[in-house]
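Take a look at the structure set out below.
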Amino acid sequence: MSEEKSLNFIEEIIEEDLKTGKHQSILTRFPPEPNGYLHIGHAKSICLNFGLGIKYNGKTNLRFDDTNPVTEDTEYVDSIKEDIQWLGFNWANEFYASDYFEQLYGFAVKLIEKGLAYVDDSTSEEIAKQKGTPTQPGTRNQYSERTVEENLQLFADMRAGKYKDGEKVLRAKIDMTSPNMHMRDPIIYRIKHAHHHRTGDKWCIYPMYDFAHGQSDSIEKITHSICTLEFIPHRPLYEWCIEQLEIFPSRQYEFARLNLNYTVMSKRKLLQLVNEKHVSGWDDPRMPTISGLRRRGYTPESIRDFAERVGVAKRDNLIEFSLLEFCVREHLNKVALRRMVVFNPIKLIITNYPEGQTELLNSENNPEDVNGGTRELPFSREIFIEADDFMENPPKKYFRLAPGQMVRLKSAYIIKCDEVLKDDAGNITAIHCSYIPESKSGSDTSGISVKGTLHWVNASTAVEVEVREYDRLFQVENPASEEGDFKDYINPNSLTVVKGYAEPSISTATLTDRFQFLRKGYYCLDKDSTADTLIFNRTVTLKDAWAKEVKKG
RNA sequence: UGGCCUAUAGUAUAAUGGUAGUACGACAGAUUUUGGUUCUGUUUGUCUUGGUUCGAAUCCAGGUAGGCCAACCA
């Protein structure tokens, strides 16, 4: 018996539509404009649309909303497709709004013939002025009185390239007094002598989003057209077009877009961060883009889980980043290979371990995975431990290394701290310890139990690596709602590059591996790595109860 | 001051007129060869005022608060 999970409001609508027979099956779509990279907010929409298709045995199309040639590019098309596939979804069809340009042109002609559209010669300023305001109705101009024949000819001339950009537009003739501004004779076609990434120079007039989007849904027979809240006032216009054109009645449903704290979620702002070099690119690991999260080490599973957990509703939200972090930790804990890396080394000499001797110890790759296997770790007289893991005068409840105290070296031996070596300035240069030979991991007969276990690396075989540690990109929860320029709130310390000393097995790391550096966090290899230098991105730290304890004082 | 959308713990999200629940976070404890994981427990909530009803988070009305709409962008 599986537990019944409650439905979100869109699922309720779909189940009702299926039950009543309004639809036999469902068809959804994800409709990005190829003018930027996808971000985690799009991931929510992708998971919703494709997830619905899967859940209800329907299908989902990918349709590029490419009606504005000046901002769109195939680079974006490619990245969008890659991101959706990486998230684990397959589209039934790959479509483009530009596939429908001829049909959309026909729709416009039909409106003209019905006396429901006219060519307007006004400037954009004049049109804006005539539109009125939300509290004052708009007014029609003399162009709205043109005859059907005249409009037909003028529109054909627009298509034929007889006019320059901005000289004329085609407007739907609806209601200049509507309280809904979108119904005040909206522009449905404009002239743009621009090269389109797919149709080339075939067209010099392009449909507006409002005239392309709803009809594209209709052409594809999308049953449930899901979009974000800001498109609610557009819906009456889509429905007007569907009714006047007598085409398939797709129905639009709107949900609240995802907002994440300490970042921004608009393509315009993300583009600015890229263009002004505040980040290294769209896939900078600090970016909330899907490509950035991927490079950072997030997994598709964790992002899908996140999308599931944030839910779908109609109220504005600001999700805490800690939920995303929880999701990725939960997945990575199950799959990441454990490795030991010391970041801030201090030398530890095991005085009773024979000089020149090295032994190989075994350590599990992942304690959460019984089939994960083991790896070998060299161990000898001189090792490095984390400087943080030693204190000369430890506070209470500190169960790491301190003079006279014992700890276990992970997968190795229990050691006892005998002596602290210092230079003339009083800085600690090394720690002398003795080890307990009977305490070897896996065959411990010493009977000693210790509270602390430390990670370590063998000094002579340690591999030096570069590690990039990331912090939140912005210093405030919601940069978009702050006074002034959102870029004033960028966190200057969002990237810290440090050195690490890793166990030798790290040298076989590949781009698809996921690691947990013991007691530190989750990491993955970065594509900037070279044959000489391995570079790792810190995906997320481990939870750190001791750091909290210290903070409390 | 026109229209539309929304309002449940710190953050999200359920409860579909009948015991306000879940997750994340926070806090406390147990376990632990990762101060990780796992497990247990605690904490905090129906925007407001009326109305309908045996009974309202839910339905109705008025308020309040937040969001969206006046691009030849999507």
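For the numbers below, each heavy atom of this structure counts, side chains included, while hydrogens, waters and symmetry mates do not. Below, chains carry the letters A, B, ... as their sequence lines are ordered, and counting in each starts from 1.
Where pairing requires Watson-Crick or G-U contacts shorter than 3.5 Å, the helical stems of RNA chain B with at least three consecutive pairs are B:2-7 with B:64-69, B:10-13 with B:21-24, B:26-30 with B:38-42, B:47-51 with B:59-63.
Summarising the geometry, the separation between CD on A:E386 and C1' on B:rU34 is reported as 13 Å, rounded to the nearest angstrom. Between the CE atom of A:M340 and the P atom of B:rU33 there is a distance of 16 Å, given to the nearest Å. Rounding to whole angstrom units, CG of residue A:N365 and C1' of B:rU33 are separated by 16 Å. Rounded to a whole Å, the CG atom of A:D73 is 17 Å from the C1' atom of B:rC73. Following rounding to the nearest Å, A:L237 (CG) and B:rA74 (P) show an atom-to-atom distance of 13 Å. Remark: C1' of B:rU37 and CG of A:L337 are 16 Å apart, rounded to the nearest angstrom. One interatomic measurement links the two molecules: CE of A:M265 to P of B:rA74, which rounds to 22 Å at whole-angstrom precision. Atoms CZ (A:R519) and P (B:rU37) sit 14 Å apart, rounded to a whole Å.
Separation of the A:F474 and A:Y262 ring centroids does not fall under the 6.0 Å cut-off. For A:F321 and A:F326, the distance between ring centers is not under 6.0 angstrom. A distance below 6.0 Å separates the ring centres of A:Y413 and A:Y435.
Side chains of A:D305 and A:H331: a donor-acceptor N/O pair is absent below 3.5 angstrom, by distance only. For the residue pair A:H234 and A:D210, a side-chain donor N or O sits within less than 3.5 Å of a side-chain acceptor on the partner. Of the N and O atoms on the side chains of A:N362 and A:S411, not one donor lies less than 3.5 Å from an acceptor on the other residue. Side-chain polar atoms of A:Y118 and A:D185 form a donor-acceptor pair below 3.5 angstrom.
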Which atom pairs, donor and acceptor, lie under 3.5 Å between side-chain atoms of residues 445-452 of chain A and protein residues at least two apart or in another chain?
unit_1	atom_1	unit_2	atom_2	d
A:S446	OG	A:D444	OD1	2.7
A:S446	OG	A:I448	N	3.2

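Nucleotides B:rA20 and B:rG45 have their C1' atoms positioned 9 Å apart, rounded to a whole Å.
Across all strands, A:K397 comes closer than 4.0 Å to base atoms (heavy-atom distances). Using a 4.0 Å heavy-atom cutoff across all strands shown, A:Y189 reaches no nucleic acid atom at all. Within the nucleic acid shown, A:H234 comes within 4.0 Å of at least one base atom, counting heavy atoms only. When heavy atoms are screened at a 4.0 angstrom cut-off, A:Y522 is found touching no nucleic acid atom at all. At a threshold of 4.0 angstrom between heavy atoms, the contacts of A:Y206 with the nucleic acid are absent. Residue-level contact check: A:S411 touches the bases, meaning some heavy atom is under 4.0 Å from a base atom. No engagement by A:G521 is indicated, since no non-hydrogen atom pair under 4.0 Å with the nucleic acid exists. Counting any heavy atom pair closer than 4.0 Å across all strands shown, A:N180 reaches no nucleic acid atom. Backbone-only engagement by A:V312 is indicated by non-hydrogen atom pairs under 4.0 Å involving sugar-phosphate atoms exclusively. A:S363 comes within contact range of no nucleotide atom at all, as no heavy-atom separation falls under 4.0 Å. Using a 4.0 Å heavy-atom distance criterion, A:R338 is classed as a base contact.
Distances shown here put every side-chain N or O of A:R184 at or beyond 4.0 Å from the OP1 or OP2 atom of B:rG3. OP1 or OP2 of B:rU37 has not a single side-chain nitrogen or oxygen of A:R329 nearer than 4.0 Å.
Only A:G166, A:V169, listed by number, bring a heavy atom of residues 162-177 of chain A to less than 4.0 angstrom from any atom of RNA chain B. A heavy atom closer than 4.0 Å to some atom of RNA chain B occurs in A:E33, these being the qualifying members of residues 32-49 of chain A. Contacts between residues 445-452 of chain A and RNA chain B, counted as heavy-atom distances below 4.0 Å, involve no residue at all.
Geometrically, A:K168 engages A:Y163 in a cation-pi contact, judged by NZ or CZ lying under 6.0 Å from the ring centre and within 45° of the ring axis. Cation-pi contact between A:R159 and A:Y105: present, with separation from the ring centre below 6.0 Å and deviation from the ring axis of at most 45°.
Comparing B:rG2, B:rC73, B:rG35 against the side chain of A:D544 picks out B:rG35 as the nearest. In this structure, the nucleotide among B:rG36, B:rG3, B:rU13 sitting nearest to the side chain of A:P179 is B:rG3. Of the candidates B:rC69, B:rG2, B:rU34, B:rC69 carries the atom nearest the A:P233 side chain, counting heavy atoms from C-beta on. Between B:rC73, B:rU34, B:rG35, one nucleotide has an atom nearer to the side chain of A:P367 than all others, and that is B:rU34.
Ring orientation note: the planes of A:W456 and A:F379 are nearly perpendicular, at an angle over 60° on the 30°/60° scale.
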*Tell me, with the steps shown, if A:R63 and A:Y100 meet side chain to side chain contact (heavy atoms under 4.5 Å, CB included).*
CA-CA 11 Å; A:R63 182 179 66 243; A:Y100 312 135; 3.9 Å; yes
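Take A:Y76 and apply the ring-ring contact (aromatic ring centres under 6.0 Å, His included) test, not counting sequence neighbours, and it matches A:Y37. Residues passing the salt bridge (Lys or Arg N to Asp or Glu O under 4.0 Å) test with A:D99 are A:R198, sequence neighbours excluded. Listed by chain and residue number, A:V341, A:V465, A:I506 satisfy the side chain to side chain contact (heavy atoms under 4.5 Å, CB included) test with A:A502 (two or more places apart in sequence, or in another chain).
Taking 3.5 Å as the limit, the base of B:rU37 and the side chain of A:E330 contain no donor-acceptor pair of atoms between them. A donor-acceptor contact under 3.5 Å is not formed by the side chain of A:T135 with the base of B:rU1.
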Set out, line by line, the N/O atom pairs under 3.5 Å between protein and nucleotides 19-23 of chain B.
unit_1	atom_1	unit_2	atom_2	d
B:rA23	O2'	A:R309	NH1	2.8

Identify all pairs in which a protein N or O lies below 3.5 Å from an N or O of nucleotides 26-28 of chain B, and state each distance.
unit_1	atom_1	unit_2	atom_2	d
B:rA26	OP1	A:K548	NZ	3.0
B:rC27	OP2	A:K548	NZ	3.2
B:rA28	OP1	A:K552	NZ	3.1

N/O-N/O pairs, protein side and nucleotides 5-11 of chain B side, under 3.5 Å:
unit_1	atom_1	unit_2	atom_2	d
B:rU8	OP2	A:R315	NE	3.4
B:rU8	OP2	A:R315	NH1	2.7
B:rU8	O4	A:R315	NH2	3.4
B:rG10	N2	A:E320	OE1	3.0
B:rU11	O4'	A:E320	OE2	2.9
B:rU11	O3'	A:L318	O	3.2
B:rU11	O2'	A:L318	O	3.1

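Here salt bridge (charged side-chain N to carboxylate O under 4.0 Å, His left out) pairs that include residues 314-340 of chain A, with residues two or more places apart or in two chains, are A:R309-A:E330.
To the nearest 0.5 Å, atom CZ of residue A:R235 and atom NE2 of residue A:H182 are 12.5 Å apart. The line from CD of A:E477 to OG1 of A:T263 is 12.5 Å long, rounded to the nearest 0.5 Å.
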